[in-house]
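Down below is the structure, laid out as structure tokens.
The analysis underlying the following values was restricted to heavy atoms, covering all of them including side chains, and did not include hydrogens, waters or symmetry mates. Computed from a predicted model, the values in this text were never measured in an experiment.
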Amino acid sequence: MRWLPLFLGAARLAVAASTTTETETEDEVKEYTKFNDVPVPPLIELTPDNWEKESKASKWLMVKHYSPYCPHCIDFAPTYQTLYEFYYTSKPVGDENANFTTFYDFRFGTINCVAYYDLCSAHKASSYPTTTLYKNGEQVAALKGVKSMPVLSEIVEKALEATKPGSRPAKLELPKPGEIVAPGYVPKVAATKDTKETSNVDSAKDVPKVDLVKDSATVEQPVKDTFITGNDEYLMPTPKTEDKAAEKVVDKVADKAADKATETKATETKAIESKAASKADPSVEATAKIEKVKGKEEEEKKKSTSPAYYEAPAVAAAAAASIKGNKPKTTPNPNGISQPLTAESFQSQVTMTQEPWFIKFYAPWCHHCQAMAANWAQVAREMKGRLNIGEVNCEQEARLCKDVRVTGYPTIQFFRGGERVEYTGLRGLGDFLAYAEKAIDISKGVQDVDAASFKALEEKEEVIFVYFYDHATTTEDFLALERLPLSLIGRAKLVKTRDPELYDRFKITTWPRLLVSREGRPTYYQPLTPNEMRGTRQVLNWMKSVWLPIVPEMTASNAREIMDGKIVVLGLLNRDDEESFNGAIREMKSAASEWMDKQIQLFQLERQELRNAKQLRIEEAEDRNDQRALRNAKNIRINMDRADRKEITFAWVDGVFWQRWIRTTYGIDVKDTGDRIIINDEDNRRYWDQTTTGNPIVPSRTSILETITKISQNPLNIKPKLTISAFEKLFFDIRMTFSEHPYLSMGCILGIAFGCLSWFRNSARAQRRAGHGTHFKLEEGGIGAPSEKGSTGGFIQSVFGGSGGSSNGPKAD
């Protein structure tokens, strides 16, 4: 009996060994691919065990070092595979029967750097993917990152030409990644009566069956997400401790199904093309079938490259829905009323769901709330079936109003789940409805656009934020993106794209990337770290600085935002005169664009000058061999903080609607003077309305730019006018001095107070001395003794010769 455990242990080892052998045997069976109708064997998988043998087996060996989890490696895989298939099936010039591998002694292989990290480290592959060319086992060239087919082909062609001079074609036409035929290849027609039968593939049978339990157990440990600053390198991964096997299984199922679907469509296309080509005169019907199948193939390809989850298999779609927690949505606001909310209903219907809500917080005694009630009820009726409208009585639900930080009545906020944003616009019915329409649009999520839809969007929206992403964009990046739209309601439109045409238009080379397009003019967000790209607060701060149009209309709701802290070129325009109005807006936009270009050039020039100055210090320290000075020079930071300089912006205002305010502030009536331009400095209560020649500033690019240049100089070349009286300006300057320099102002006040106190003290002391000083009295025949005894009395007596102890004065002889 004591030998029984030993026998059982031996049996387990034998079963495990046999299972491992079967698994390894199955893994070693790789499918052949086809290129130009020629079967192509799989790439050589290099390991530490076979590296020495395989590296010496041929003169040339090109190796791709990759990680199966690297997004850039996944993008690079079709390029490298197509490059291998193209060259494997290529023929040298003048010899159509030669085999590429034996003729040039050139082979292709791959190394999985996650499985064989030590081997990749020995090859100095510090980033993925890295493509290396070896000659007789020695490295001769290395390319880091994702490289295009022409770049890779250039290295291969040099090696082939060096091996067999004159055997390469003068001009080489390369296929695109993922293609299965070379450009100009004419397939051999082999029509059979079974072609139609082979083309009708049952798509249900082609979807690969994946055992979720088995695959979740065999999925390798994923690696840590790494922020990518470029599209050509993936930093060395580090293992994670948490398990994400379920997500890997979903991706694996999606990848297999998408690949299978693509192969199926390719088979259908090829079958129909063969059938059409077998006839002398191809029928219109066959051609139509080819175009139809090709269209389906392109559609499936687009679906398979969806950024979040692949849509091909039903299994992946169900898994994605379960991960994201999607639930069927109910009809919002079915009755068209403003629903009263309590603390309990607020939590269950608003914060615990993803349904959008537009909610008013009010008090019954509030006069502003009573005046707004009719408009709010009308908003609820207009939004029936589209947007939930609610209201909270803060007299009854004081704790709830305190939790949402209601500080005044009425307070209006827009909610979506646990996120909210306060409405700060006007309280008219039209203002509410315009905001609600944009809120509904944003609540649908960040729209994915292509070049055509983006062009149509530019015709409707003045400001568009565009988020560029690629296959390497992580889940954290998308989650950060989804937190942004609420703050943009009523401000700008936010979209995302992975369209190569838009990449080229805006010169995008790194992902993810964020920019704002105003009148087609891009302004880029420049993050330095991953947290700055994913940090909602930092991204929103940048968005707030650029979300106004180039020349916005100034209204009561955005006046503070436009005027405060800036010098504003303000157009006083008459909207009723349409022709003059359009011309003025066109001139202002032209001047604004030209001024912005000039400021960018000055900024770049100033930055370059600072860099040159730093470089001169470094070179000087190196020439003197002064290490301390060298360290100090290298530590100099190029500070481009322009906070001390006021930004010059542009805006326009309806001169007829704001006639009273314009006349009392600037002394201008648009109806009498026509369209005018004033340059306003609200912080200093001053403005300019004349050019250097004394003429009024008119809506002209030349007039505007000439005046801006003069007033932006220091000292000012044009004397400003005041928007307040001189007496008000005095108190305003005192107040501004206290607000801008509080410590200096407090020091001056204390100094003045101390000086005044010292003066009063000295004055009081002088008066006391005058009241209690030495007195003399005259008596008969002489001067009386002092009223008080002391040194003064003794001195007088000694002068006049009297005795010190006598109370009588000196007597005359």
Side-chain angles (χ1 to χ4, degrees), residues 518 545 548-556 558-575 580-581 583-600 602-603 642-670 672-726 728-729 732-733 736:
R518 297 180 292 179
S545 66
L548 289 174
I550 293 180
V551 185
E553 179 185 4
M554 191 178 75
T555 62
N558 66 5
R560 292 290 90 192
E561 183 179 4
I562 291 175
M563 302 287 277
D564 289 349
K566 306 180 186 73
I567 295 177
V568 182
V569 179
L570 186 62
L572 312 179
L573 309 180
N574 186 355
R575 198 200 298 260
S580 175
F581 174 77
I585 291 293
R586 185 168 55 252
E587 288 291 322
M588 291 189 68
K589 288 183 178 180
S590 176
S593 298
E594 188 170 338
W595 176 258
M596 293 172 66
D597 290 335
K598 181 179 179 181
Q599 294 306 302
I600 292 174
L602 291 175
F603 176 84
R642 305 169 71 91
D644 57 332
R645 309 178 193 179
K646 279 194 175 181
E647 180 185 3
I648 296 181
T649 60
F650 292 72
W652 69 275
V653 65
D654 190 338
V656 177
F657 183 82
W658 294 91
Q659 180 182 14
R660 181 179 178 183
W661 171 73
I662 293 172
R663 185 171 58 246
T664 56
T665 306
Y666 306 112
I668 298 174
D669 193 337
V670 176
D672 298 333
T673 62
D675 294 343
R676 294 279 295 274
I677 298 291
I678 62 103
I679 302 175
N680 189 75
D681 183 4
E682 183 66 19
D683 291 348
N684 295 312
R685 301 297 191 271
R686 60 184 183 178
Y687 69 97
W688 295 263
D689 62 350
Q690 293 180 343
T691 63
T692 53
T693 59
N695 297 321
I697 309 175
V698 296
S700 165
R701 182 182 64 88
T702 304
S703 179
I704 294 172
L705 292 177
E706 178 186 359
T707 310
I708 292 177
T709 304
K710 298 299 181 182
I711 68 171
S712 61
Q713 296 175 353
N714 196 11
L716 299 175
N717 292 335
I718 305 177
K719 185 178 180 180
K721 298 180 181 180
L722 300 178
T723 58
I724 54 179
S725 65
E728 291 175 322
K729 186 67 166 58
F732 175 78
D733 290 340
M736 293 302 297

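- A heavy-atom distance below 4.5 Å is not found between the side chains of Q599 and I648.
- Between the CD1 atom in I679 and the OG1 atom in T707 there is a gap of 5.0 Å [rounded to 0.5 Å].
- A 4.5 Å side-chain heavy-atom check between P720 and D681 finds every atom pair outside the cut-off.
- K721 is linked by a side chain to side chain donor-acceptor pair (under 3.5 Å) to D689, counting only residues two or more places apart in sequence or in another chain.
- Interatomic distance, W595 CH2 to M588 CE, rounded to the nearest 0.5 Å: 14.0 Å.
- T692 is linked by a side-chain contact (heavy atoms from CB on, under 4.5 Å) to E706, K710, I718, counting only residues two or more places apart in sequence or in another chain.
- Contact of the N574 side chain with the D675 side chain is registered, since non-hydrogen atoms from C-beta on lie closer than 4.5 Å.
- Remark: V653 pairs with M554, L570, L572, W658, I662 by the side-chain contact (heavy atoms from CB on, under 4.5 Å) rule, at least two apart or across chains.
- Once rounded to the nearest 0.5 Å, the distance linking CD1 of I677 with OG of S700 reads 9.5 Å.
- V551 and K589 make their closest contact through CG2-CG, 3.7 Å (heavy atoms, listed as atom of the first residue, atom of the second, distance).
- For the side-chain contact (heavy atoms from CB on, under 4.5 Å) with N680, the qualifying choice from T723, T665, I562, V569 is T723, the only one to do so.
- Here the side chain of S590 pairs no donor or acceptor atom with the backbone of R586 at under 3.5 angstrom.
- Residues that satisfy the side chain to side chain donor-acceptor pair (under 3.5 Å) test with Y687, not counting sequence neighbours, are absent from this structure.
- Under the salt bridge (charged side-chain N to carboxylate O under 4.0 Å, His left out) criterion, E594 pairs with R701, not counting sequence neighbours.
- I704 has its side chain out of reach of E587: every pair of non-hydrogen atoms, C-beta onward, lies at least 4.5 Å apart.
- Here side-chain hydrogen bond (donor to acceptor under 3.5 Å, both in side chains) pairs that include residues 558-572, with residues two or more places apart or in two chains, are R491-E561, W547-E561, T555-N558, R560-D564.
- T673 pairs by the side-chain contact (heavy atoms from CB on, under 4.5 Å) definition with I668, R676, not counting sequence neighbours.
- Under the ring pair (Phe, Tyr, Trp, His ring centres under 6.0 Å) criterion, W688 pairs with no residue at all, not counting sequence neighbours.
- A distance of 4.0 Å separates OG1 of T709 from NZ of K598, quoted to the nearest 0.5 Å.
- Taking the side chain to side chain donor-acceptor pair (under 3.5 Å) definition, one finds that T693 meets it with T691, N695, sequence neighbours left out.
- Heavy-atom minimum distance, S703 versus P696: OG-O, 4.5 Å.
- V670 approaches G655 most closely through the heavy-atom pair CG2-CA, 3.8 Å.
- When the side chain to side chain donor-acceptor pair (under 3.5 Å) test is applied to Q659, the partners found at least two apart in sequence or on another chain are D669.
- For the salt bridge (charged side-chain N to carboxylate O under 4.0 Å, His left out) test, residues two or more places apart in sequence or in another chain that qualify with D654 are R575.
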Item to complete: Take F650 and I550, measure what side chain to side chain contact (heavy atoms under 4.5 Å, CB included) needs, and give me the verdict at the end.
Response: CA-CA 7 Å; F650 292 72; I550 293 180; 5.7 Å; no
